[in-house]
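Structure first, then comments.
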Amino acid sequence: MSALQPVRGTRDILPDEMRRQRAVIDIARETAERYGYLEMATPIFEFTEVFKRTLGDTSDIVTKEMYTFSMKEGEQITLRPENTAGVARALMSGGLSQQLPLKYFYAGPMFRHERPQKGRQRQFHQIGAELLGVPKPQGDIELIALGAHILSGLGVYENTKLELNTLGDTDSRQAYRAALVEYFSDHSDALSSDSRDRLERNPLRILDSKNEGDRKLVAGAPVFSDYLNAESQDFFAAVKQGLERLNIAFELNTRLVRGLDYYCHTAFEFTTDLLGAQSAVLAGGRYDGLVETMGGPATPGVGWAAGIERLSMLMDRDPPVPRPIAVIPVGQATEEIALTLTQKLRHAGYGVELGFSGNVGKRMKRANKLGARAAVLLGEDELANNSATIRDLDSGEQELVSLDAVIEHLARYR
RNA sequence: GUGGCUGUAGCUCAGUUGGUUAGAGCGCCGGUUUGUGGUACCGGAGGUCGCGGGUUCAAGUCCCGUUAGCCACCCCA
């Protein structure tokens with residue numbers, strides 16, 4: 001371990017990458033606002049209890065992935081591994097349940113102590129949307145439509161597919177779960193050790209096992225659709241119909257499950273095969289039981305989250321690099337006027353670089369390297385006429401303009 | 001957390017069966033051009049060969065440990 005390298009699973013985000021991530025966030029936020037989802041933020045850490053209660057004591061996140069600290073006062077706090085719990089907590093702390101329905105958008109860092117891989121870091125960043133207080137499938141449809149809209153705005157929609165499943169309501173799910181447990185218990189000696197573990201904690205997950213032997217067993221396992229009651233079937237049918245109406249293509253994937261008890265009805269994942277094992281790009285579902293689990297009033301909810309780094313890797317273009325105007329004083333005598341002109345241009349809305357030192361050649365070189373669009377040269381000749389030379393750095397053409405007209409002339413380089 | 005692969009200049013990589021001052025391209029700096037960048041030519045800087053230990057007369061090259069990245073499992077965004 002060297003103190004000079006970033007902690008495992010973290011990294012510095014330098015301007016080129018930051019610009020991409022910024023673009024992801026900006027496009028997502030603008031799109032979300034069109035749907036009425038307004039940006040909000042919850043703290044980066046919460047009392048550990050907030051996550052324990054919502055994610056459950058047996059989830060992987062709670063049992064081995066949380067960054068938890070003990071405070072002097074003896075309280076346990078945890079760096080948020082996801083944001084939905086925080087939003088639900090905010091709903092209660094702020095008495096927001098009086099204002100339902102609520103639509104929120106967020107973006108920020110999350111922390112999970114996992115083994116890093118490409119597209120998987122210990123500090124990573126997510127955007128997400130939550131819709132609280134809408135029990136109807138219209139909510140699920142709007143939320144998925146928002147996700148699809150953002151993906152297409154980023155140019156990654158083409159490289160994803162939407163996988164869709166239903167977990168039914170509580171009755172349906174519990175009946176199915178019981179049937180699964182019974183089935184797999186009868187064949188437990190044939191299960192992989194991973195799946196025997198899942199049988200205890202999260203039997204639905206066995207359906208998604210990659211183990212050969214497990215897959216054979218799964219092929220003969222009870223099927224969820226046989227356990228869905230009429231309401232659950234209607235709900236799912238409505239979601240599918242809404243997506244079809246919006247021309248959002250999806251594939252049914254009966255192995256797509258969520259482990260936690262409060263998840264119900266719709267579960268969905270936009271996945272890609274361009275990121276290796278990290279296929280989930282934007283994923284979510286309905287969580288009608290969550291707020292109640294935390295001790296709040298029964299409040300239906302749907303939401304999704306998406307990894308900003310993953311989206312950035314998939315984004316089909318580089319956001320444009322801003323091109324400044326370079327102000328270049330020629331000779332000592334013009335330094336002062338260059339300084340005041342620079343500041344004037346900045347106030348007028350231009351990005352301006354005033355080299356700190358060097359002769360004209362060096363400053364021009366630097367201007368070029370910065371990608372400057374134009375250079376404003378201030379020399380004694382120009383000053384004698386109360387003017388400046390404006391050089392177009394793309395075409396190489398330049399002209400002499402009066403100092404008063406510089407801002408006006410630069411307008412074309414905006 | 002388990003298993004595997006990898007780690008040489010800022011970046012991408014080459015380094016032959018262990019053998020004298022560790023190389024290239026790009027990038028960076030300087031010069032040709034002290035009032036004009038991008039091209040070209042010339043020159044230069046920059047490496048405890050991830051880190052620590054071991055084997056050996058001799059290790060970038062072999063062995064062990066460790067750390068980081070990557071791949072798969074796991075989990076997920």
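In this text the structure is predicted, and so the values were computed from the model without any measurement. Chain naming here is simple, since letters A, B, ... match the order of the sequence lines and numbering starts at 1 in each.
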Quick one: is [X] getting a side-chain N or O under 4.0 Å of the [N] phosphate, OP1 or OP2?
| X | N | answer |
| --- | --- | --- |
| R198(A) | C75(B) | yes |
| K362(A) | G37(B) | no |
| K118(A) | C70(B) | no |
| Q117(A) | G69(B) | no |
| K369(A) | C28(B) | yes |

Remember a base hit wins even if backbone is also touched, and classify [X] as base, sugar-phosphate or nothing at under 4.0 Å, heavy atoms.
| X | value |
| --- | --- |
| G128(A) | nothing |
| E82(A) | nothing |
| L282(A) | sugar-phosphate |
| R366(A) | nothing |
| G331(A) | nothing |
| V281(A) | sugar-phosphate |
| R363(A) | nothing |
| A305(A) | sugar-phosphate |
| G371(A) | nothing |
| Q398(A) | base |

Pair [X] + [Y]: basic N to acidic O under 4.0 Å:
| X | Y | result |
| --- | --- | --- |
| E46(A) | R89(A) | yes |
| R373(A) | D392(A) | yes |
| E397(A) | R412(A) | no |
| D288(A) | R286(A) | yes |
| D394(A) | R323(A) | yes |

Over how many whole Å does the gap from [X] atom [atom1] to [N] atom [atom2] extend?
| X | N | atom1 | atom2 | result |
| --- | --- | --- | --- | --- |
| K210(A) | A72(B) | NZ | P | 8 Å |
| E130(A) | A77(B) | CD | C1' | 13 Å |
| L378(A) | U36(B) | CG | P | 16 Å |
| N211(A) | A72(B) | CG | P | 17 Å |
| E380(A) | U34(B) | CD | P | 17 Å |
| R120(A) | G69(B) | CZ | P | 12 Å |
| K64(A) | U2(B) | NZ | C1' | 10 Å |
| R122(A) | C75(B) | CZ | C1' | 13 Å |

For [N], the Watson-Crick or wobble partner whose two distances fall under 3.5 Å:
| N | result |
| --- | --- |
| A9(B) | none |
| G3(B) | C71(B) |
| U39(B) | none |
| C51(B) | G65(B) |
| U56(B) | none |
| A22(B) | none |

Look at the side chain of [X] against the base of [N] and say whether a donor-acceptor pair falls under 3.5 Å; ignore hydrogens and angles.
| X | N | answer |
| --- | --- | --- |
| S279(A) | C76(B) | yes |
| R205(A) | C74(B) | no |
| Q5(A) | U67(B) | no |
| N368(A) | G38(B) | no |
| R8(A) | U67(B) | no |
| R391(A) | G37(B) | yes |

Quantified in whole Å, what is the [atom1] atom distance between nucleotide [N] and nucleotide [M]?
| N | M | atom1 | answer |
| --- | --- | --- | --- |
| G50(B) | G7(B) | P | 8 Å |
| G46(B) | A22(B) | C1' | 13 Å |
| G25(B) | U8(B) | C1' | 15 Å |
| C42(B) | G27(B) | P | 15 Å |
| U67(B) | C51(B) | P | 15 Å |
| G47(B) | U21(B) | C1' | 14 Å |
| C64(B) | C5(B) | P | 11 Å |
| A9(B) | C28(B) | C1' | 11 Å |

Of the nucleotides [options], which has the atom closest to the [X] side chain?
| X | options | answer |
| --- | --- | --- |
| P116(A) | C70(B), U36(B), A72(B) | C70(B) |
| D381(A) | C75(B), G35(B), A77(B) | G35(B) |
| R115(A) | U34(B), G4(B), G69(B) | G4(B) |
| L377(A) | G35(B), G31(B), C76(B) | G35(B) |
| E65(A) | U36(B), G37(B), C75(B) | C75(B) |

Any side-chain donor paired with an acceptor under 3.5 Å for [X] and [Y]?
| X | Y | result |
| --- | --- | --- |
| T334(A) | E380(A) | no |
| R198(A) | S195(A) | yes |
| N159(A) | T272(A) | no |
| T48(A) | T78(A) | yes |
| Q123(A) | Y67(A) | no |

Task: Residue whose nearest RNA chain B nucleotide is more 5′ - F270(A) or T10(A) - done: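 Between the two, 5'-proximity favours T10(A).
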
- [ ] Tell me which of E269(A) and V360(A) sits closer to the 5' end of RNA chain B, going by the nucleotide each one is nearest to.
- [x]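 On the 5' side of the pair lies V360(A).
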
